[in-house]
Enquirer: 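Can you read through this structure? Questions will come right after.
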Amino acid sequence: MTGDVPAGAAPTANGGGAPSTGSIYDLGYRHYDGPRLGRRHALVALMTYTIRTTYGIGRGGRAKIIPFGLAAMGIVPAIVAVAILALARQAGEAGQLLAEASPLRYDSLYGAIAQIVFLFCAAQAPELLGKDQRYHVLSLYFSRALARTDYVIARVGGFAIAILILVLLPQAIVFLGRILSAPDIVAELGDNLPVLPAIIGQGLLTAGLLGAIAVTVSAFTPRRAYATAAIIAVIVIPPVIAQIAEQVARHDLARWTVLASAQDVLTATNAWLFDVRPDSDPVRAAALGPEIYFATAIGAMVVLGAILLRRYQRISA
Amino acid sequence: MNETHETRQPGAAPMASPPDTAAPGLLAPPAPPAPPAAPGAFGIQLDHASRWYGNVVAVNDISFSLGPGVTGLLGPNGAGKTTILHMTAGLLAPSTGRVTIAGEIAWRNPSIYRRLGLVPEREAVPGHLTGRQYAEFNARLHRLPDPRAAAARALATVDLEAAADRTIGTYSKGMQQRAKIAGGLVHDPPILLLDEPFNGMDPRQRLHMIDLLRAMASEGRTILFSSHILEEVERLADSILVIYAGRLAAWGDFRQIRRLMTDRPRTIAIHSADDRKLATVLMPDESVAGVELGPAGLIVRTGDGERFARLLPKAARAAGVTIHEVLPIDESLERVFAYLVSR
Amino acid sequence: MPVGAVVRFYETARHGRTAGVSLACDRYSRPVSPLVSTASLTKRYPGVTALDDLSVDIEPGIVGLVGSNGAGKSTLIKILLGLIDVTSGSATVLDLDVRNEGPRIRQFVGYMPEHDALPPDLTATDLVTHLARMSGLPANGARERTAEVLRHVGLYEERYRAIGGYSTGMKQRVKLAQALVHDPKLLLLDEPTNGLDPGGRDEMLRLVERTGHEFGIAIIVASHLLGEIERVCDFLVAIEGGRLLQAAPLGSLTGRTGMVAVEVEDGEEALAAALAARGLPVTPDGRALLVAIDSEPAYDVVRDAIADLGLALVRLEPRRRSLEDLFRDDVPSTPGGAAAATATPVAPGSGPGATS
Amino acid sequence: MSAVSVIWTIAQATFRALLGRRRTILMGLLALVPVLVALLSRVAGDGVADDRAILDLLIIRTVLPLTALVFGTTALGSELDDGTGVALLTKPIPRWHIVLAKIVVAGIVTAVFTAVSAVVTGILLGTAGETLVAYVVGVIVGAFAYATAFVAVSVITTRALVVGLVYTLLWEGWLAGILPGTKSLSLREATLGVIDAVSPPAVVRDGLDLQGSLTLIVVVLVAGSVLGAMRLARYQVKGGD
């Protein structure tokens, strides 16, 4: 290296233009003396990175097709509902009947987009975890300022938030649609607000439960195709069994199979939160108290979280 | 570009010169005499062999023939080494030309494996078998009269008795490699093909394996092995085959090859009692192309190595300068390889 | 308990080339305590003892870590990274205890794994920037460091292409870059030239040497290839069967043996006879003749003998001890270096839990 | 070392390779599904369901083809893909020894898993002894036919699993419903044909008769083995630099 001219030699006095004397700057290796933000920052960075990856942001166009496609399919029914509502309100009294009959109210919205959420989980969760295991990227993560638990928390948390966005977006559209299309916005806001906690509550349960299932399954199956198939199986098959059990069996054995089906548990909590009749035969037949469903949902999340932590504690990087 | 020096495209292929260096180190236990190859045939022979995949030519018209001794197969990644090894192992058909093992066509001819031992780099070893089971499995498939004894001998040769009854899944990378070698040698073949045989082995095992292969070569076996570790090739191989972009770039003893590179003057570093005085004495001679006095002593570039080598001691004595070191800098296999693949 | 080999490392001349790193005090001008220090460190897996009572101090510089298969090389690296727990004994990295300061240690330590560990669909820039964030660097700090580090490892426009299409050589550079991006004080490289062709190996070794000597970053290189260690490292730690076999500066292990190898184009026998006649016993060694030379005039005797016979002097080189002697059974490993008391070398395949 | 002992050596190694812990559990679960359904309907159901219908649906249409598919394609195909197959190819033994050993092992393992599942399910459903024997015979014959086909496919293409799935789900499943002609090439129909011949069902099905079934099975056994052996003889290791 030529003479070690201090980096950024002060320009000479002639108005800060190009230094008349000319100087060569040291392009050698510069040490980093900026801030080091430690473990917490790394965890948050990984969580935001996970959310972006789930939606294919920062990846090629191809990675965006599935997530954005499914998200769009989730929003379309909400937009349609809002359009119907707006027309109905324009039509005055006659429209009121139409508004009531509108297929999509807050409580039924979750049911309508359930299939889309399942597909989203089955398609995107393997994208996050499978790749790190299949290509041994884990050894790069674990050799950094992260503990193994941080990695798990960031991945599950990030994925659950991504699902939350997917689920709450249509609700938000319907919520805003109702308010903006109402003649008296303040009044409309008044009677829509009490529904908000139910919407958010059900959103959190859906994102948490389905997110945890999808992430846990794909943590154990690094190959993408098998992981997607496994997630679909875990979410789709139990409701079928619950259905068969309800028809075939009279004894109470069948009642408990409903708890194995995430779909039915969420239908039950949705029904209780919005206090409407659950539109699922096994749930009606099982006639279990709402607290059982909430306990099952939250219990499942805790158990799955523990399984995940143990898996990543023992995985060899 | 390589017209400047005649690459010896040997008509009568020089048999790889029988190793002149005595086989150092411990001789492998006296194995039974290898079954004789067909009379007059070479262990491994390629005759204008080529291989392409669509328009991609992986191996382009290569001919060589190898007799007893150790030959190193060298070349950058993607040069065609593995394709050559696969064709020689009868696992890949040449698009044109002939590939023969002990005189027999290699492709679609399972009987060659009676004489051919293989240690492919890619071959995974079944993790659920123990070392002994794997060796016996190979021995039985070779229809050996006493597979158990053959397996035991092969495991002893690669120093794996201690771990023979543990499953291969629990072996380290180096030990898995030795299990593979045991599997490939169990039928005591006269011809050996090894693809990066020492991959993952630790220094002690590496030395042991080098001694083993040297000993087997001195028993008259024909050994061809590919490797990226030039220090090992320099120590183990009698001759080298350098493949570059699917073509045979050089073949034979790498020191001879270096001498053939008349387009590259030889560089020699000399440490003496008085470098400057020695330099002035050497300059007048026509064999001296250039002289440099630097921190690494007196660097001389010479077009005619032999003449300069005879001149040096006489000139030094005349000038009364004591010589401490004379080191040819660019004659190592590393340099020769770099020159061959950089054209 | 084998004596801990504490060897202070000073600027040493080796192979006629001064090692670039001297015992400088570190950037904060504190006297340098050992970079890495283990005290009777032991790690047992069911049925296998990976590390057995290992006590060694490692100083800044490029340190070669050599060991027999399964001798605990990668186990030691994982312990230094705080990734696996310790059966007994202790270890400190940059004065931080590995047993409870894992994440903090890893902020200042870079790790280049041996196996391929890169997602194929990301570009080098995106991956290294992301991993910089994982080491606690803020967003723009990460971006700047990534650009700087990718330049140093020699990845220019390829850094914007997906890693899946990279050659093995380029992948190894990305792995080195991600280990350097957070400006670590210590770099742990696990067989950095694994899978590279000769050209690639040469470039990677030059890169490691530059990183260690020009960038002033301490490096521990785990490798099976003694030639590489001799070329790049200043200090050696050899482990055999989980126990410390040798810990000493390279200079002490590859010192001269007092013998000189003389190689002539032809006519070795004549030269051998001439030298013997002049009182210099000769032993043949492959192409060369080994002559015991212990004085200045002895060199002249050799020169004059060759001149008299009119032979062509091709090579005159002092024979050095090599690292191999540590591992060669027939050559007793002579204790080299200042105070490198060594445990008796464990014969292969014997001893409890020997896993070689 | 006669041919038989070579084939037996390969077979032994293949048994060990196929019955790894994970795959055995997975295939065990698959074989358990019909048993569960039978248990459920016996415990919780009122009348006894039509046992032959359940056996046909769950054993012959699902467990048999899927088990044969997994074992058939992995017996040889997975070894060719991950490189352990090279140890077999580089031996002075005829290729048909290798293919035969693989087919026999895949056939046996498939037959065992499926037959056990069929018997337990049959007992739970209270199936008559004679019908049960018919199903076991059908399962064994079907297992070897399917195994031969899938081993042969696994030598021809690396996508054997997909090809197998397409055959069982589309050709034997969906198409058979629409185009009756496909029955003559459906191993499922052949298996059912054998079963019906051994113990005629109450209602005569319009599937393949015994003669049609046996010809198809023999053709598959012979063609599969010969084609597999020839293809293996010309098997080339992929690429390499």
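By convention in this document, chain letters (A, B, ...) are assigned in the order of the sequence lines, proteins followed by strands, and residues within each chain are numbered from 1.
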Enquirer: Please name the pair of heavy atoms, one in Gly38(A) and one in Gln107(C), separated by the smallest distance, quoted to 0.1 Å.
Expert: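 Closest heavy-atom pair between Gly38(A) and Gln107(C): CA-NE2, 2.8 Å.
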Enquirer: Any idea which of Gly141(C), Pro138(C), Pro184(C) has the most non-hydrogen atom pairs under 4.5 angstrom with chain A?
Expert: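 The answer is Pro138(C).
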Enquirer: Is it the backbone or the side chain of Ile217(C) that comes under 4.5 Å from a heavy atom of chain A, or both, or neither?
Expert: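 Contact with chain A is through the side chain of Ile217(C) alone.
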Enquirer: Less than 4.5 Å apart, side chain to side chain, heavy atoms only: is that true for Arg134(A) and Pro119(C)?
Expert: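 No, too far: nothing below the 4.5 Å cut-off.
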Enquirer: Does atom CZ of Arg310(A) have more than 12 heavy-atom neighbours from other groups under 6.0 Å away?
Expert: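 No, not enclosed.
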Enquirer: How far apart are the closest heavy atoms of Arg144(A) and Val181(C), and which atoms are they?
Expert: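 Looking at all heavy atoms of both residues, the shortest contact is NH2-CG1, 3.8 Å.
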Enquirer: Quick check on Tyr32(A) against chain C: is it the side chain, the backbone, both or neither that has a heavy atom closer than 4.5 Å?
Expert: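 Both backbone and side chain.
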Enquirer: Could you have a look at Leu122(C), Asp126(C), Leu81(C) and say which one has the most heavy-atom pairs with chain A under 4.5 angstrom?
Expert: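 The residue among Leu122(C), Asp126(C), Leu81(C) with the greatest pair count is Leu122(C).
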Enquirer: If you define the side chain from C-beta out and look only at heavy atoms, does anything of Asp116(C) sit under 4.5 Å from His136(A)?
Expert: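 A side-chain contact under 4.5 Å is absent here.
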Enquirer: How long is the gap from NE2 on His41(A) to OG on Ser135(C), to the nearest 0.5 Å?
Expert: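 One gets 10.0 Å once the value is rounded to the nearest 0.5 Å.
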Enquirer: Can you see which heavy atom on Asp183(C) is nearest to which on His31(A), and at what distance?
Expert: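 Closest heavy-atom pair between Asp183(C) and His31(A): OD1-ND1, 3.1 Å.
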Enquirer: Any idea which of Ser143(A), Ala45(A), Ala42(A), Gly34(A) has the most non-hydrogen atom pairs under 4.5 angstrom with chain C?
Expert: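 Highest number of pairs under 4.5 Å: Ser143(A).
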Enquirer: Got a sec, which pairs hit side-chain hydrogen bond (donor to acceptor under 3.5 Å, both in side chains) with one end in residues 166-175 of chain C, sequence neighbours left out?
Expert: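 Output for this query lists Asn77(B)-Thr168(C), Gln172(C)-Lys175(C), Arg173(C)-Glu203(C).
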Enquirer: Would you confirm whether the ring centroid of Tyr135(A) sits within less than 6.0 angstrom of the ring centroid of His115(C)?
Expert: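 Not under 6.0 Å, so no.
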Enquirer: Would you say that more than 12 heavy atoms from the other residues, nucleotides or ligands in this model lie under 6.0 Å from the CZ of Arg52(A), or not?
Expert: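 No, not enclosed.
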Enquirer: When heavy-atom pairs shorter than 4.5 Å are enumerated against chain A, which of Arg106(C), Arg133(C), Arg145(C), Glu148(C) gives the highest number?
Expert: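 Greatest number of close heavy-atom pairs with chain A: Arg106(C).
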Enquirer: Heavy-atom distance under 4.5 Å between the side chains of Leu146(A) and Pro103(C), does that happen here?
Expert: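 No; the side chains remain at least 4.5 Å from each other.
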Enquirer: Taking side chain to side chain contact (heavy atoms under 4.5 Å, CB included) as the test, write out the residues that go with Arg210(C), two or more places apart.
Expert: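 If we apply the side chain to side chain contact (heavy atoms under 4.5 Å, CB included) test to Arg210(C), skipping adjacent residues, the hits are His152(C), Leu207(C), Glu214(C), Phe215(C).
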Enquirer: Going by heavy atoms in the side chains, are Arg36(A) and His182(C) under 4.5 Å from each other?
Expert: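 Side-chain contact under 4.5 Å: yes.
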Enquirer: Pair Lys131(A), Asp121(C) - check salt bridge (charged side-chain N to carboxylate O under 4.0 Å, His left out), show working.
Expert: CA-CA 10 Å; Lys131(A) 233 189 270 293; Asp121(C) 56 339; 3.6 Å; yes
Enquirer: So, do Leu140(A) and Leu118(C) sit near enough that their side-chain heavy atoms are less than 4.5 Å apart?
Expert: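 A side-chain contact exists here, since the closest heavy-atom pair is under 4.5 Å.
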Enquirer: Can you tell which of Glu144(C), Arg104(C), His130(C), Met112(C) has the highest number of heavy-atom pairs within less than 4.5 Å of chain A?
Expert: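 Maximum pair count with chain A is reached by His130(C).
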